[in-house]
Amino acid sequence: MAIERTLILCKPDAVSRGLVGEIVSRLERRGYLLVAMKLMQLDGERARKHYGEHAGKPFFDGLVEFITSGPLVAMCVEGEGAIDGCRQLIGATNPLAAAPGSIRADLAQTIGRNLVHGSDGKESAERELAIFFRDNDYVSRRHDLERWIYEK
């Protein structure tokens with residue numbers, strides 16, 4: 001399996017409920033590395049760019065309004081199969097349909113307040129990471145990951 005990078009957002013509801021540490025802890029316990037992380041207030045322009053594939057859909061304005069309603073934590077998570085692995089860890093968009101033990105099943109309340117965003121594929125991960133991070137924002141921790149993999 002390939003080493004991948006993916007965007008994970010702890011949305012404003014996760015920040016306001018004090019769940020960022022729990023989310024980060026679950027990612028790290030799964031063996032993923034955080035190679036970039038920012039606490040930020042997202043502006044409307046960047047939010048519309050992030051949710052660009054949903055432009056024109058009835059729920060688009062609500063997505064933008066919510067993601068800009070308070071601070072969020074943006075992370076670049078790295079590891080083997082990180083895109084699919086993180087999405088599995090996050091769980092289905094609807095917390096009521098999410099697998100038991102996933103972040104959303106355990107902690108989220110509604111579809112509209114589901115705590116976390118995770119990129120859904122390689123292309124979207126690359127596009128989304130470029131919205132939130134510049135090249136000099138990343139810290140290389142690949143040696144940590146390689147050591148962990150080979151020590152097992």
Side-chain angles (χ1 to χ4, degrees), residues 1-15 19-20 22-57 59-60 62-64 66-68 71-95 97-108 111-152:
M1 202 175 294
I3 300 293
E4 299 174 330
R5 285 185 172 178
T6 190
L7 176 73
I8 301 295
L9 299 178
C10 293
K11 296 178 184 180
D13 55 333
V15 175
L19 295 173
V20 173
E22 172 71 20
I23 293 166
V24 168
S25 179
R26 288 179 182 222
L27 292 164
E28 290 181 326
R29 284 196 314 258
R30 184 80 176 253
Y32 297 119
L33 300 175
L34 300 180
V35 295
M37 186 172 178
K38 290 182 183 180
L39 174 66
M40 61 192 302
Q41 178 75 41
L42 200 60
D43 60 70
E45 180 182 341
R46 195 179 289 192
R48 284 186 291 280
K49 189 174 181 182
H50 173 67
Y51 285 125
E53 73 249 22
H54 300 300
K57 295 179 182 173
F59 56 86
F60 178 74
L63 288 174
V64 172
F66 174 63
I67 203 76
T68 59
L72 60 78
V73 174
M75 297 176 276
C76 176
V77 176
E78 183 178 84
E80 282 197 44
I83 296 168
D84 289 339
C86 285
R87 288 188 60 82
Q88 180 187 52
L89 184 61
I90 289 168
T93 303
N94 182 348
S102 68
I103 292 168
R104 288 177 175 155
D106 291 351
L107 304 171
I111 289 175
R113 301 288 184 266
N114 62 13
L115 302 174
V116 188
H117 165 84
S119 302
D120 64 4
K122 184 174 174 47
E123 293 78 23
S124 62
E126 290 171 1
R127 180 184 67 79
E128 293 173 352
L129 286 167
I131 293 169
F132 289 88
F133 298 103
R134 296 181 311 246
D135 287 344
N136 64 347
D137 289 328
Y138 297 100
V139 175
S140 176
R141 295 190 55 207
R142 192 167 305 253
H143 64 283
D144 292 340
L145 182 62
E146 289 169 353
R147 184 177 61 236
W148 182 83
I149 290 169
Y150 294 116
E151 287 177 356
K152 295 293 175 194

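A quick note: this is a predicted structure, and the numbers were derived from the prediction, not measured.
- Within 6.0 Å of atom NZ in K57, more than 12 heavy atoms from other residues, nucleotides or ligands are found, so the atom counts as buried in its surroundings.
- Counting heavy atoms from C-beta on, the side chains of V77 and L34 come closer than 4.5 Å.
- How far CD1 of I131 is from NZ of K49: 5.5 Å, rounded to the nearest 0.5 Å.
- Annotation: cation-pi geometry satisfied between R5 and Y138 (NZ/CZ under 6.0 angstrom from ring centroid, within 45° of ring axis).
- Listed by chain and residue number, nothing satisfies the ring pair (Phe, Tyr, Trp, His ring centres under 6.0 Å) test with F60 (two or more places apart in sequence, or in another chain).
- Judged as a ring pair (Phe, Tyr, Trp, His ring centres under 6.0 Å), and not counting sequence neighbours, the contacts of F132 are H50.
- Residue pairs meeting the salt bridge (Lys or Arg N to Asp or Glu O under 4.0 Å) criterion with at least one partner in residues 124-136, sequence neighbours excluded, are E53-R127, K122-E126, R134-D137.
- For E28 (side chain) and L33 (main-chain N/O), no donor-acceptor pair under 3.5 Å exists by modelled atom type.
- If you take CD1 on I111 and CG on N94, they are separated by 4.0 Å, rounding to the nearest 0.5 Å.
- To the nearest 0.5 angstrom, L89 atom CG is 9.5 Å from I23 atom CD1.
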**Prompt:** Does the pair E22 and R26 meet the rule for a salt bridge (charged side-chain N to carboxylate O under 4.0 Å, His left out), with working shown?
**Reply:** CA-CA 6 Å; E22 172 71 20; R26 288 179 182 222; 2.7 Å; yes
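- Applying the ring pair (Phe, Tyr, Trp, His ring centres under 6.0 Å) test to F66 and every residue at least two apart in sequence or in another chain returns nothing.
- Applying the side-chain contact (heavy atoms from CB on, under 4.5 Å) test between V73 and each of K38, M37, M40 identifies M37 as the sole match.
- In this structure, M75 CE and L129 CG are separated by 11.5 Å, a value rounded to the nearest 0.5 Å.
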**Message:** Would E80 and I3 count as a side chain to side chain contact (heavy atoms under 4.5 Å, CB included) here? Give the steps.
**Reply:** CA-CA 4 Å; E80 282 197 44; I3 300 293; 3.5 Å; yes
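- At distances below 3.5 Å, not a single donor-acceptor pair connects side-chain atoms of E78 with backbone N or O atoms of V35.
- Applying the side chain to side chain donor-acceptor pair (under 3.5 Å) criterion to D120, with sequence neighbours excluded, gives S124.
- Once rounded to the nearest 0.5 Å, the distance linking CD1 of I8 with NE2 of H117 reads 7.5 Å.
- The heavy-atom pair separating C10 from V15 by the smallest distance is O-CG2, 3.9 Å.
- Closest non-hydrogen pair, A125 versus S119, comes out as CA-OG, 3.4 Å.
- T6 and A82 get closest at one heavy-atom pair: CG2-O, 3.9 Å.
- How far CD1 of I90 is from CG of N114: 9.0 Å, rounded to the nearest 0.5 Å.
- Under the 4.5 Å side-chain criterion, counting only non-hydrogen atoms from C-beta, T93 is in contact with R104.
- Not counting sequence neighbours, R48 has no partner by the salt bridge (Lys or Arg N to Asp or Glu O under 4.0 Å) test.
- Taking each heavy atom of A98 and A92 in turn, the nearest pair found is CB-N, 3.6 Å.
- C86 and L27 make their closest contact through SG-CD2, 3.8 Å (heavy atoms, listed as atom of the first residue, atom of the second, distance).
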